[in-house]
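To start, the structure itself, in structure tokens.
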2 protein chains.
Amino acid sequence: MIEPTERQRFLLALVVHEYARTAAPIGSRYLVEHYNLGMSSATVRNELAALTEMGYLRQPHTSAGRVPTEEGYRYFVGRLLQETHLPETLRHTIAHQFYQMGNDVDQWMRLAASVLAHQSRAASLVTAPHPEKARLKHIELISTRGRQVLMVLVIVGGEVRQRLMTLSEPVPQDVLSAAADSLTRQFQEMDAEAIRQARVELSALERDVLDWVVEDLERAESRIAGEIYLDGLTNVLAEPEFASSEEARRALRVLEERSRLQDLLARTVLATGTVGGVQVLIGGEGTWDELRQSSVLLAQYGVPGLAIGTLGVLGPMRMAYGRTISVMRFLSGLLSDLVAETLAEGD
Amino acid sequence: MIEPTERQRFLLALVVHEYARTAAPIGSRYLVEHYNLGMSSATVRNELAALTEMGYLRQPHTSAGRVPTEEGYRYFVGRLLQETHLPETLRHTIAHQFYQMGNDVDQWMRLAASVLAHQSRAASLVTAPHPEKARLKHIELISTRGRQVLMVLVIVGGEVRQRLMTLSEPVPQDVLSAAADSLTRQFQEMDAEAIRQARVELSALERDVLDWVVEDLERAESRIAGEIYLDGLTNVLAEPEFASSEEARRALRVLEERSRLQDLLARTVLATGTVGGVQVLIGGEGTWDELRQSSVLLAQYGVPGLAIGTLGVLGPMRMAYGRTISVMRFLSGLLSDLVAETLAEGD
DNA sequence: TGTTAGCACTCTCGAGGTGAGAGTGCTAAT
DNA sequence: ATTAGCACTCTCACCTCGAGAGTGCTAACA
């Protein structure tokens with residue numbers, strides 16, 4: 001792909017920016033009238049024609065203004081984008097809200113999704129911090145009624161899993177507690193595999209419980225993300241490109257259907273275009289047909305090796321990349337700090 | 001409001017049914033041609049005119065067919081609706097899926113939302129079973145790092161709440177366990193109020209923990225519902241009345257915004273129109289402007305006094321009420337059984 | 001008295017036509 | 001290399017208009 005000249009890059013950025021604002025094709029005259037370009041519309045026309053030739057812009061029809069192509073956006077995001085600086089007051093307000101919230105992960109996630117949706121004016125997604133390797137922290141067994149036992153499993157990193165199991169016969173609470181204690185002591189800090197290999201003398205009850213524990217740990221590991229929080233879905237419905245509702249439907253289905261979401265999240269690691277830790281998928285990148293009109297930004301947060309989560313934004317392809325990326329980086333940092341402080345204090 | 005004749009009722013039901021199917025105004029000729037009515041279109045015309053006069057039908061414009069009014073729907077739902085019988089095989093399949101899922105409440109909720117969305121072809125909502133009165137079942141304290149302690153609180157009924165707290169100084173795990181045990185023994189089966197009144201000799205640590213426990217129990221009680229599961233949001237985008245996307249936006253916002261949702265759920269008890277335990281809110285009932293074009297069905301499930309949850313469906317006003325209500329009643333029964341079996345076995 | 005055939009009337013909806021306006025590419029002059 | 005000027009193209013909003021659907025009314029009929 002041919003490299004545009006300095007002036008062409010400038011104009012490309014201008015078109016991207018204006019198109020994001022107005023959602024209408026941008027013409028040469030419009031640019032000259034709204035910016036002090038120091039050149040005439042004819043010159044701009046020539047440059048726009050060149051950019052169109054190169055594949056960065058296109059015309060919806062012969063006599064319309066220009067609109068960025070996917071390639072145009074990629075070039076813009078990869079080379080031209082300059083980070084928007086978030087006002088200090090905004091950073092402050094947001095951080096304050098998080099710290100005011102105490103130590104409730106659930107609330108953090110909800111807040112993060114909300115902030116992200118508002119600031120980007122698009123649909124947002126946040127996954128709860130999730131351990132890469134699930135190591136046992138604590139087992140608790142609580143007799144509920146009859147043969148039913150509630151098993152509470154705490155994983156290193158703070159995730160709590162619960163499960164109701166039915167034993168073959170009733171077991172008194174003190175026996176359950178003793179079993180839980182014993183298992184906790186023996187297998188603390190171990191992951192599923194280690195537990196499975198470390199064969200130790202166990203009672204029938206303990207063996208049963210341990211099977212459940214291993215299964216649960218494995219399940220925790222196999223999940224690609226923790227709980228998923230969505231917000232701002234209706235934001236994308238407000239965008240003109242999704243007015244047809246059919247396009248909106250396709251795009252939002254990606255967020256609603258678990259399997260497709262997993263698919264998308266899996267992509268977080270295999271970067272296509274990365275800007276300061278934020279991955280930018282433009283127009284579905286040829287893989288996701290439902291996202292032909294949309295862009296998805298993904299970023300990770302957390303402490304590698306301990307627990308990581310994902311931030312995501314889904315919006316129209318003409319979204320405000322600069323601002324959104326800034327917000328995502330800021331939030332990612334903030335959440336990483338929170339995770340670090342909460343889970344690793346005293347390490 | 002004037003009472004329609006038998007024949008008028010029949011025709012009203014027909015119009016409601018056909019309009020739900022086709023989403024297009026229903027004319028007299030159409031009815032005569034598609035049903036063996038034993039009367040001519042002129043007669044039907046007269047009757048439709050009468051129903052229009054009474055306020056049960058309306059014409060979008062002078063020369064269009066008839067469409068049910070809100071009043072028409074209310075009359076239909078309240079007096080004319082006959083329950084659709086769900087095929088035995090379908091009931092079986094659904095029940096089977098639930099029982100196959102083991103004892104995982106999270107999965108049940110997800111499945112319930114999914115089934116409800118699919119069967120009603122609308123947006124569905126399910127809240128997790130939630131105790132009316134939060135009574136303590138079990139406390140567990142787990143030292144994580146340094147002064148951080150994870151408190152796991154089990155509420156009678158099976159709900160588990162977790163919370164991270166920071167102590168003023170590090171406390172070894174065995175002391176924490178002892179405190180948790182002691183507190184569990186002393187306050188088991190008591191609710192927040194009882195605990196607050198039952199002043200007992202406590203250590204400083206125990207007192208701190210107990211404060212958190214009380215607060216958490218109160219928080220659990222004050223919430224009007226457990227965790228909320230949504231599904232099928234994109235279903236409503238497919239309906240022609242929401243093609244404009246603006247209407248869709250308004251309606252879906254009700255589900256997205258927590259406060260409005262609470263508002264709506266609070267209505268579950270104060271029935272407006274009830275059909276076999278399913279409440280039907282048509283066109284926002286004058287209270288929710290965003291739902292002017294929509295209907296919302298709500299039903300409760302669970303074991304009163306132990307734990308209850310809510311099922312909900314949001315769809316276009318012309319939704320298939322018969323089928324949706326049947327599905328909701330079936331699901332409500334199923335979930336109630338599951339809750340009863342799971343939480344109250346041996347009672 | 002209730003039902004029905006017939007008919008004039010009204011209204012929507014889509015097809016087809018038209019003109020203003022926007023934006024272009026090209027050419028020739030600077 | 002830049003720019004003014006201009007012919008050209010295409011969309012879009014706005015018409016008109018006729019087909020079609022559905023109505024309400026009237027008069028005949030059982």
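The sequence lines fix the lettering, A, B, ..., with proteins before strands; numbering per chain opens at 1. Keep in mind the model is a prediction, meaning the values are calculated, not measured.
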Q: Between protein and nucleotides 8-26 of chain C, map the contacts as a letter string: B base, S sugar-phosphate only, - none, heavy atoms under 4.0 Å, written 5' to 3'.
A: --BBS---------BBBB-
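Non-hydrogen atoms lying under 4.0 Å from DNA chain D are contributed by nothing in residues 16-24 of chain B.
For the pair B:Arg249 and B:Glu290, the salt-bridge criterion is not met [side-chain N within less than 4.0 Å of a carboxylate O].
Following rounding to the nearest Å, B:Arg7 (CZ) and C:dT4 (C1') show an atom-to-atom distance of 12 Å. A:Glu6 places its CD atom 18 Å from the C1' atom of D:dA1, with the value rounded to the nearest Å. A straight line from CG of B:Leu11 to P of C:dT3 spans 11 Å, rounded to a whole angstrom. The distance between atom CD of A:Glu47 and atom P of D:dT2, rounded to the nearest whole Å, is 7 Å. Distance B:Met39 CE to C:dT4 C1': 13 Å, rounded to the nearest Å.
By the 4.5 Å heavy-atom criterion applied to side chains, A:Phe10 and A:Leu37 are counted as neighbours. The shortest distance between side-chain heavy atoms of B:Glu239 and B:Arg318 falls below 4.5 Å.
With sequence neighbours excluded, no residue satisfies ring pair (Phe, Tyr, Trp, His ring centres under 6.0 Å) with A:Phe242. With sequence neighbours excluded, the residues satisfying side chain to side chain contact (heavy atoms under 4.5 Å, CB included) with B:His85 are B:Glu88, B:Arg91. Every residue meeting the side chain to side chain contact (heavy atoms under 4.5 Å, CB included) condition with B:Glu33, not counting sequence neighbours, appears here in chain and number order: B:Arg29. B:Tyr30 pairs by the ring pair (Phe, Tyr, Trp, His ring centres under 6.0 Å) definition with B:His34, not counting sequence neighbours.
An OP1 or OP2 oxygen of D:dT2 is reached within less than 4.0 angstrom by no side-chain nitrogen or oxygen of A:Ser40.
Interatomic distance, CG of B:Leu57 versus CD of B:Gln8, reported as 10.0 Å (0.5 Å rounding).
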